[in-house]
Protein chains: 2
Amino acid sequence: MNKEASNKVYIEIVKKIRTMIVEDGLKIGDKIPSERELSERLQVGRSSVREALRALELLGLIETRRGEGTFLRDARGNQLVQLLSTFILQDEKAKEDVKDTLQFIEMDCLRLVLQRNNVEQIVSFRKTLESINVSDEEFFLKMIELGDNHLMYRIWIILSNFYRSLNFQEEPYSKSKYLALLDALLLGDENVVLDKYLQLRKLST
Amino acid sequence: MNKEASNKVYIEIVKKIRTMIVEDGLKIGDKIPSERELSERLQVGRSSVREALRALELLGLIETRRGEGTFLRDARGNQLVQLLSTFILQDEKAKEDVKDTLQFIEMDCLRLVLQRNNVEQIVSFRKTLESINVSDEEFFLKMIELGDNHLMYRIWIILSNFYRSLNFQEEPYSKSKYLALLDALLLGDENVVLDKYLQLRKLST
DNA sequence: TATACAGCGTGGTCAGACCACTGTCGGAAT
DNA sequence: ATTCCGACAGTGGTCTGACCACGCTGTATA
């Protein structure tokens with residue numbers, strides 16, 4: 001009982017791998033030790049190491065390449081999304097939930113942008129948008145960056161990948177509505193911002 | 001190239017397990033076949049089966065009990081939460097993000113409740129709340145139920161577990177503010193609802 | 001009848017083997 | 001000297017068999 005962490009070797013391995021990553025200052029894209037080396041360094045069987053790695057892989061935190069090695073990954077949409085989408089989304093209601101939730105999250109992001117009130121960057125981004133085209137994904141990634149909330153970022157990434165994997169109809173691209181949304185953000189009125197968002201998403205006139 | 005799913009046996013196993021669950025109509029708490037039986041039925045090595053199961057376990061979708069078996073799990077806060085919290089939440093800013101995001105989600109849930117406008121259930125719940133005490137968690141679980149969005153439910157579960165694991169100060173329990181929030185919901189004015197929520201969370205006077 | 005024990009099935013772990021794939025390094029051909 | 005190609009070492013992917021620890025259950029015993 002003294003050792004709370006007695007059970008689940010592979011969980012311990014996951015923690016040690018994390019410690020290793022932090023201590024060695026490994027960054028995204030870096031290679032982590034091979035399975036055999038980890039097995040030796042941690043004094044556990046290779047199969048246990050693999051169980052830990054497979055779990056991390058499914059979470060999207062690492063990426064394994066046969067013949068090359070295992071690498072830290074820029075955790076975004078991944079196996080987890082695919083998996084959850086098949087496990088969770090088994091009916092049409094669930095799909096609607098994804099759509100609704102994604103839109104709630106996007107509106108929350110816009111509220112965050114309003115809170116931060118980083119006028120300069122919004123103006124800068126507006127100029128960029130005038131000169132070149134950006135995809136819907138790029139637009140909201142920018143919004144989330146302006147909102148400066150990493151957790152919200154991760155949630156949005158997952159949900160938007162969910163959404164795309166569900167094959168809803170893809171709305172046509174309309175730059176003017178994005179510009180209008182940015183203008184509303186500069187105005188600073190939440191209701192106007194949300195109204196512009198809903199227009200963008202074709203949810204109101 | 002015809003077989004897209006060629007690589008990653010353990011991913012295939014995960015999918016097959018899911019199929020098995022659906023076809024056999026297994027429910028939460030039910031036992032799934034043993035590792036050895038799965039190994040035989042799917043014609044793969046037991047270690048591959050284990051890799052798939054460990055991944056599912058880390059996701060919180062199953063629960064393994066030594067000497068008993070493997071069971072479908074009521075997927076709520078779990079290893080995934082613990083793990084992500086150590087992987088992601090490495091600075092104070094991240095903790096603030098959790099707090100902010102959780103509150104955004106909760107407000108979104110309240111907006112959903114407003115949309116559904118299920119007056120009867122709100123009134124019913126209000127009477128319950130008058131007679132007995134409910135925890136903050138129970139209160140918002142009810143709100144999410146009224147919002148009727150399972151995905152939002154899952155997100156909230158994860159975030160609230162995150163939040164609790166971060167050891168923020170626990171605000172005192174104040175039943176009157178919960179009642180006021182319910183009354184606002186019955187009124188149907190979003191601004192009033194959100195105002196009451198912020199009072200509940202001590203974010204405004 | 002009530003208790004204790006042995007056996008069986010389960011997950012947990014390890015070691016070793018083999019395969020497929022990748023990058024490299026040196027030798028051979030040009 | 002340069003280019004090309006094949007052997008080789010390292011890596012992940014998978015399978016097998018073995019043993020342990022634990023929980024349950026049925027039976028034999030007190």
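Basis for what follows: all heavy atoms, side chains included, without hydrogens, waters or symmetry-related copies. Just so it is clear: chains get the letters A, B, ... in the order the sequence lines come, proteins before strands, and each one is counted from 1.
- Residues A:Arg126 and A:Asp183 are paired through a salt bridge, judged by an N-O separation under 4.0 Å between the basic side chain and the carboxylate.
- Between A:Glu130 and A:Lys127 there is no salt bridge, since no side-chain N of the basic residue sits under 4.0 Å from a carboxylate O of the acidic one.
- A:Ser34 comes within 4.0 angstrom of sugar-phosphate atoms only, judged by non-hydrogen atoms across all strands, and of no base.
- One can place CD of A:Gln43 at 14 Å from C1' of C:dT13, the figure rounded to the nearest angstrom.
- B:Arg54 has its CZ atom 8 Å from the P atom of C:dT13, to the nearest Å.
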Intermediate values then yes/no, salt bridge (charged side-chain N to carboxylate O under 4.0 Å, His left out), B:Glu145 and B:Lys142: CA-CA 5 Å; B:Glu145 178 192 332; B:Lys142 185 67 180 180; 3.6 Å; yes

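- We find that B:Arg66 and B:Glu68 are not joined by a salt bridge, their nearest charged nitrogen and carboxylate oxygen being 4.0 Å or further apart.
- Taking atom CD of residue B:Glu37 and atom C1' of nucleotide C:dG9, one finds them 12 Å apart after rounding to whole Å.
- A salt bridge links B:Asp108 with B:Arg111: at least one charged nitrogen is closer than 4.0 Å to a carboxylate oxygen.
- Under the 30°/60° scheme for interplanar angles, the aromatic rings of A:Phe125 and A:Phe139 are found to be tilted.
- Contact annotation: B:Arg50 side-chain N/O to C:dG12 OP1/OP2 distance is under 4.0 Å.
- Using a 4.5 Å heavy-atom cutoff, the side chains of B:Glu63 and B:Glu57 are not in contact.
- To the nearest angstrom, C1' of D:dG17 lies 15 Å from CD of B:Glu40.
- Between the CG atom of A:Leu58 and the P atom of D:dG13 there is a distance of 13 Å, rounded to whole Å.
- Contact between the side-chain N/O atoms of B:Thr64 and the OP1/OP2 oxygens of C:dG12 is found at a separation under 4.0 Å.
- If you check every strand for non-hydrogen atoms under 4.0 Å, B:Thr70 touches sugar and phosphate atoms only.
- The distance from atom OH of A:Tyr10 to atom P of C:dG12 is 8 Å, rounded to the nearest whole Å.
- For A:Glu96 and A:Lys99, the salt-bridge test fails: no basic side-chain N is under 4.0 Å from an acidic carboxylate O.
- Side-chain contact between B:Tyr10 and A:Arg50 is absent, with no heavy atoms from C-beta onward closer than 4.5 Å.
- Spacing between atom CD of A:Glu63 and atom C1' of D:dT11 amounts to 14 Å, rounded to whole angstrom units.
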Nucleotides 16-24 of chain C: protein proximity per nucleotide (B base, S sugar-phosphate only, - neither; heavy atom, under 4.0 Å): -BB-BBBS-

Atom pairs under 3.5 Å: protein N/O with N/O of nucleotides 25-27 of chain D:
none

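- What separates CG of B:Leu53 from C1' of C:dG12 is a distance of 12 Å, to the nearest Å.
- Residue contacts for A:Ser47: at a heavy-atom cut-off of 4.0 Å it reaches a base atom on one of the strands shown.
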